[in-house]
There are 2 protein chains.
Amino acid sequence: MPQQTAPPGRRDRKKQQTRQALIAAALRLVDERGLDHVTVEDIAEAADVSPRTFFNYFATKDEAITGDQFVDDHETRERFLRVPREVPTVRALLLALEPLLTVMEADHELWLLRFRVMDANPALIAGLIGRSAAVERELVTAIALRLGVSPEDTYPQLTAAVAGAALRTAVMRWAAAGGTPSLVELAREAFDLLAHGLTDPTPTIKDNR
Amino acid sequence: MPQQTAPPGRRDRKKQQTRQALIAAALRLVDERGLDHVTVEDIAEAADVSPRTFFNYFATKDEAITGDQFVDDHETRERFLRVPREVPTVRALLLALEPLLTVMEADHELWLLRFRVMDANPALIAGLIGRSAAVERELVTAIALRLGVSPEDTYPQLTAAVAGAALRTAVMRWAAAGGTPSLVELAREAFDLLAHGLTDPTPTIKDNR
DNA sequence: GTGATTTTTGCAGGCCGTGCAAACTTTTAT
DNA sequence: ATAAAAGTTTGCACGGCCTGCAAAAATCAC
């Protein structure tokens, strides 16, 4: 084997191009007009393909906008299980997620737009969360496995759900703020708050540790 | 005013009847055949109304199954704000939610079936969560108000999202277990874990406080 | 009973998403 | 180069969800 990844031929290049065009068109149009005033036909037209082709790339209109998977279940699970056992679960989850966040920040242009559009069209958030339910289920078993408890226990299920919520919050805040505090920082802040039991903040006085 | 609630006439009684019939039909059919193998027409037929009438009662097929609102935003918000300031936020949220859970337990037959059906048809969960996003937004402002911080801060947003996740977990576990540990107990367990920072459980040895 | 109000229903229509088979393009082998 | 194989795009037909509108039917108020 000369190289692990064979150089993609013209065919795959064209596919990627079409995919990008569809995503870009979808985001632009929905950003301009709102979700309800954009049809799949509009998107296909703007990307210069037939409406039928749209569905060769995405199972749903929403998927072109939100992205099919915003965390890769398998990779994340693996990374989580590789974290040394001494590290507490919540911290281990953060560590397992961080590479992902870094990748998103590298593509911040795309993701900021995506989340801005989602924020403006709440119907999309449901779909996003729904799709992340698959990841959550993976996480439940991974957490249970790592701790040696049953996946039916409260702890794994609660922790997976809560971590998902924390991640979502961090990402939405990142997008709302336009990307100024880094996503990794925001996530760390969220997970730290979690690990401290969400103790109430003191309004006026800031306690630095 | 002789009484606060005027006795409902035949008209309102019939409406309630139709509504119940539609919900019951929807749940029964989807439970039997799965979400994809039940059409609105089927449900309407089983409830003995026209398909068009179905949409006079529910905005969506899913809504007849999941219920339009599984927590009442306004009531919960009020209750939350009435909890004395000394009570920490997480605990106050639990207190504000408990009456709701009690109501659900009173109707456990309906709710257990509902959540069983949702568990079997993940597409429904997305919708459920999506609809609870409205509640979450209410909670964010309520938490911020109570603490005297900005609704843009991390704490209110994170806490609202996390509380929602914890509530959802409790309810799903309650349904999965068939209602044996009481819903209120499960919710308390979840919120206690939250307040303790999700510290890792010890697998074999149980520590009772 | 009569008229006003509300609910139900049918109808037409737009959009989403899918299966299928024909046309087309790229790749592979000769 | 040429032909066969493999993969992609497209059109067509169809079922299902959901909406607006106006006519018909039921209920209510007098």
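In what follows, chains carry the letters A, B, and so on, assigned in the order in which the sequence lines appear, proteins first and then strands, with residues in each chain numbered from 1.
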Task: Nearest-angstrom distance from the residue atom CZ of A:Arg13 to P of D:dG7 - done: 18 Å
Open item on the list: Tell me whether the NZ or CZ atom of B:Arg91 lies within the 45° cone about the ring axis of B:Phe191 and under 6.0 Å from its centre.
Closed with: no
Open item on the list: Without decimals, in angstroms, what is the distance between B:Phe55 CZ and D:dG16 P?
Closed with: 12 Å
Task: Whole-Å gap separating P (D:dC17) and CG (B:Leu124) - done: 13 Å
Open item on the list: From CZ of B:Arg52 over to P of C:dG13, roughly how many Å is that when rounded to an integer?
Closed with: 16 Å
TODO: May I have the distance from B:Asp12 (atom CG) to D:dT27 (atom P), rounded to whole angstrom?
DONE: 12 Å
Open item on the list: Ignoring hydrogens and geometry beyond distance, is a side-chain donor-acceptor pair present between B:Thr154 and A:Glu189 at under 3.5 Å?
Closed with: yes
TODO: Apply the side-chain contact (heavy atoms from CB on, under 4.5 Å) test between B:Leu183 and each candidate in B:His108, B:Glu98, B:Met104, B:Arg173; give the one that qualifies.
DONE: B:Met104
Task: Considering all heavy atoms, the nearest A:Leu94-A:Arg188 contact - done: CD2-CG, 3.7 Å
TODO: Kindly say if A:Lys15 contacts the phosphate of D:dT8, meaning a side-chain N or O under 4.0 Å from OP1 or OP2.
DONE: yes
Open item on the list: Distance check needed: C:dT18 P versus A:Lys61 NZ, whole Å only.
Closed with: 14 Å
- [ ] Check the distance between C:dC15's P and A:Ile43's CD1 and give it to me in whole angstrom.
- [x] 12 Å
Open item on the list: So, OP1 or OP2 of C:dT26: does either fall under 4.0 Å of a side-chain N or O from A:Lys14?
Closed with: yes
- [ ] Send over the distance from B:Asp36 CG to D:dG15 C1', rounded to a whole Å.
- [x] 13 Å
- [ ] Report the nucleotide, chosen from C:dC15, C:dT9, D:dT10, that has the shortest atom-to-atom distance to any side-chain atom of B:Asn56.
- [x] C:dT9
TODO: For the side chain of A:Thr18, starting at C-beta, report the closest nucleotide among D:dT9, C:dT8, C:dG17.
DONE: D:dT9
Task: B:Ser50 vs C:dT8: side-chain N/O to OP1/OP2 distance below 4.0 Å - done: no
TODO: Kindly say whether A:Val149 contributes a backbone atom to a donor-acceptor pair with the side chain of A:Asp153 at under 3.5 angstrom?
DONE: no
Open item on the list: Taking any heavy-atom pair under 4.0 Å as a contact, classify A:Tyr57: base, sugar-phosphate, or nothing.
Closed with: sugar-phosphate
